[in-house]
Amino acid sequence: MLVAERQKKIVELVNKRLSIRVSELSDLFSVTEETIRRDLEKLEKEHKLSRSHGGAVSIQQQESEIHFSEREITNVIEKKAIAHEAAKYVKSGDRIILDASTTAWYMAKILPDIELTVITNSMKAAIELSKKQKISVISTGGILLTKSLSFAGPLAERSLETYHVNKTFLSCQGFDMEHGMSDSNEWQALLKIRMIERSDQTILMADSSKWGNREFSHIASLQDVSCIITDSRLDPVSVKALEEKNVKVTAVPLPKERVKG
């Protein structure tokens, strides 16, 4: 097999499987691991993949992310109201997970300085929490996704395997009764699945604009969460449909001027 053909197939494999190890590529193509490392170095310089410890990961997932600065200014009133409600669920001594959503970042900003352990894949949330002396912060590590200023990928997923928490607080880009929660970025979706698995309770923080959206990567059904915190702009028919399926919903009131608008 020609070098160019092998490198083309490596990119195809990485994009299909999201990540792959050097040793596996070496076996597949019957070449030395050193040869594979040179291939990966060349392909990374050509911006076709990203190298990781012991292998390579796809960069396509990074491209699907919306930049944090854009999400930060979208539905701010709703997200802040939801974050304030979610913070009420946190008690001294809790061990919690915060995802990399802007709502989780707003929540990190207002959490009281009490005895907590917080695991997060968000750089922004970690920085906010570092200002509070009594809160212990654990970062998942992993591949840095520059648009969301967060970590994801296989290493981030594996890091959660050693932990067990009381509560996970996460958001998503789409949710409804039929399709559950979904996200446009597969890496983020896979990590959120692990977050749910490692927690006694999962609190979904999703503003009403996300209701009815179905994104590329499925996370979980709505029955897999302990409760949903949304805003009062979610129509009563949808709230009733959720409650009839035994999904607990809290629709947080918004400032009067915004509700009227």
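In this structure, S150 contributes its side chain and L145 its backbone to no donor-acceptor pair below 3.5 Å. A side-chain donor-acceptor contact under 3.5 Å links D94 to the backbone of K91. A donor-acceptor pair under 3.5 Å is absent between the side-chain atoms of S92 and the main chain of I114, judged by distance alone. Between the K132 side chain and the P112 main chain, no donor and acceptor come within less than 3.5 Å of each other. Checked by atom type and distance alone, the side chain of S217 never pairs as donor or acceptor with a backbone atom of A189 at under 3.5 Å. A donor-acceptor pair under 3.5 Å is absent between the side-chain atoms of T120 and the main chain of A126, judged by distance alone. Side chain of S182 to main chain of E215: a donor-acceptor pair is present (N/O by atom type, distance under 3.5 Å, no hydrogens or angles). Not one N or O on the side chain of D207 forms a donor-acceptor pair closer than 3.5 Å with the backbone of E78. Side chain of T168 to main chain of M195: a donor-acceptor pair is present (N/O by atom type, distance under 3.5 Å, no hydrogens or angles). S159 places a side-chain N or O within 3.5 Å of a backbone atom of T140 that can act as its donor or acceptor partner.
Residues V137 and Y163 do not share a hydrophobic cluster, clusters being chains of Ile/Leu/Val/Met/Phe/Trp/Tyr side chains in contact below 4.5 Å. Hydrophobic clustering of Ile, Leu, Val, Met, Phe, Trp and Tyr side chains at less than 4.5 Å, counting indirect connections, keeps I97 apart from Y89. Under the 4.5 Å side-chain heavy-atom criterion for Ile, Leu, Val, Met, Phe, Trp and Tyr, V252 and L111 are members of the same hydrophobic cluster. There is a path of hydrophobic side-chain contacts, each under 4.5 Å, that joins L43 to V31. Connection of V90 to L129 is established within a shared hydrophobic cluster, with ILVMFWY side chains joined at heavy-atom distances below 4.5 Å, either directly or through further cluster members.
To the nearest 0.5 angstrom, L144 atom CG is 7.0 Å from L149 atom CG. With rounding to the nearest 0.5 angstrom, the CG atom of L222 is 15.5 Å from the NZ atom of K248. The distance from the CD atom of E41 to the CD1 atom of I36 is 13.0 Å, given to the nearest 0.5 Å. Rounding to the nearest 0.5 Å gives a distance of 9.0 Å between NZ of K210 and CE of M205. Once rounded to the nearest 0.5 Å, the distance linking CH2 of W105 with OG of S171 reads 14.5 Å. The distance from atom CD1 of I138 to atom CG of N121, rounded to the nearest 0.5 Å, is 13.5 Å.
Looking at heavy atoms from C-beta onward, F169 lies in side-chain contact with I96 at the 4.5 angstrom threshold. Contact check for L191 versus L160: side-chain heavy atoms found under the 4.5 Å cut-off. In this structure, the side chains of I193 and E157 stay at 4.5 Å or more apart for every pair of heavy atoms. At least one side-chain heavy atom of W211 sits under 4.5 Å from a side-chain heavy atom of D176. Side-chain atoms of I228 and T250, non-hydrogen and from C-beta on, never get closer than 4.5 Å to each other. When side chains are defined from C-beta on, I135 counts as touching D113, because their heavy atoms get closer than 4.5 Å. Residues D183 and I219 have side chains in contact (heavy-atom distance under 4.5 Å, counting atoms from C-beta outward). At least one side-chain heavy atom of M107 sits less than 4.5 Å from a side-chain heavy atom of L98.
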(Q) Set out, in order, the CA-CA distance, both residues' side-chain angles and the distance that settles salt bridge (Lys or Arg N to Asp or Glu O under 4.0 Å) for E197 and R194, then state yes or no. (A) CA-CA 5 Å; E197 291 174 347; R194 300 291 173 264; 3.4 Å; yes
Q: Evaluate the criterion side-chain contact (heavy atoms from CB on, under 4.5 Å) for residue pair I143 and W187; output intermediate values, then yes/no.
A: CA-CA 10 Å; I143 304 298; W187 279 2; 3.7 Å; yes
Q: Under the side-chain contact (heavy atoms from CB on, under 4.5 Å) rule, what do V225 and I203 come out as? Steps first, then yes or no, please.
A: CA-CA 6 Å; V225 303; I203 294 90; over 6 Å; no
Q: Apply salt bridge (Lys or Arg N to Asp or Glu O under 4.0 Å) to the pair K48 and E44, showing each step before the final yes or no.
A: CA-CA 6 Å; K48 294 179 179 178; E44 185 178 51; over 6 Å; no
Q: Kindly determine whether D224 and T202 satisfy side-chain contact (heavy atoms from CB on, under 4.5 Å), including the steps that lead there.
A: CA-CA 8 Å; D224 291 326; T202 298; over 6 Å; no
Q.
One pair to check against salt bridge (Lys or Arg N to Asp or Glu O under 4.0 Å): D39 and R6. What are the steps and the verdict?
A. CA-CA 9 Å; D39 287 341; R6 182 179 68 243; 2.7 Å; yes
Q) Please walk me through it: do R37 and V22 pass side-chain contact (heavy atoms from CB on, under 4.5 Å)? A) CA-CA 7 Å; R37 290 191 185 94; V22 168; 4.2 Å; yes
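Look at K124 and E128 and you find no salt bridge, because none of the NZ, NE, NH1 or NH2 atoms lies under 4.0 Å from a carboxylate O. Between E46 and K42 a salt bridge is recorded (basic side-chain N to carboxylate O distance below 4.0 Å). A salt bridge between K134 and E115 is absent, with no side-chain N of the basic residue lying under 4.0 Å from a carboxylate O of the acidic one. A salt bridge does not link E161 to R158: none of the charged side-chain nitrogens sits closer than 4.0 Å to a carboxylate oxygen. Of the charged side-chain nitrogens involved, at least one lies within less than 4.0 Å of a carboxylate oxygen, so that E85 and K88 count as a salt-bridged pair.
No hydrogens or angles considered: a donor-acceptor pair under 3.5 Å links the side chains of D200 and H164. For T32 and T35, the side-chain atoms include at least one donor-acceptor pair closer than 3.5 Å. Judged by distance alone, the side chains of K79 and T103 never bring a donor and an acceptor atom under 3.5 Å apart. Checking H179 against R214 by side-chain atom types alone, a donor-acceptor pair falls below 3.5 Å.
Shown here is K167, whose NZ atom has more than 12 heavy atoms of other residues, nucleotides or ligands within 6.0 Å.
Across C172 and K192, no two heavy atoms sit closer than the pair CA-NZ, 4.1 Å. When all heavy atoms of S208 and L234 are compared, the pair lying nearest together is CB-N, 3.5 Å. Residues G55 and L40 share a closest heavy-atom pair of O-CD1, 3.9 Å.
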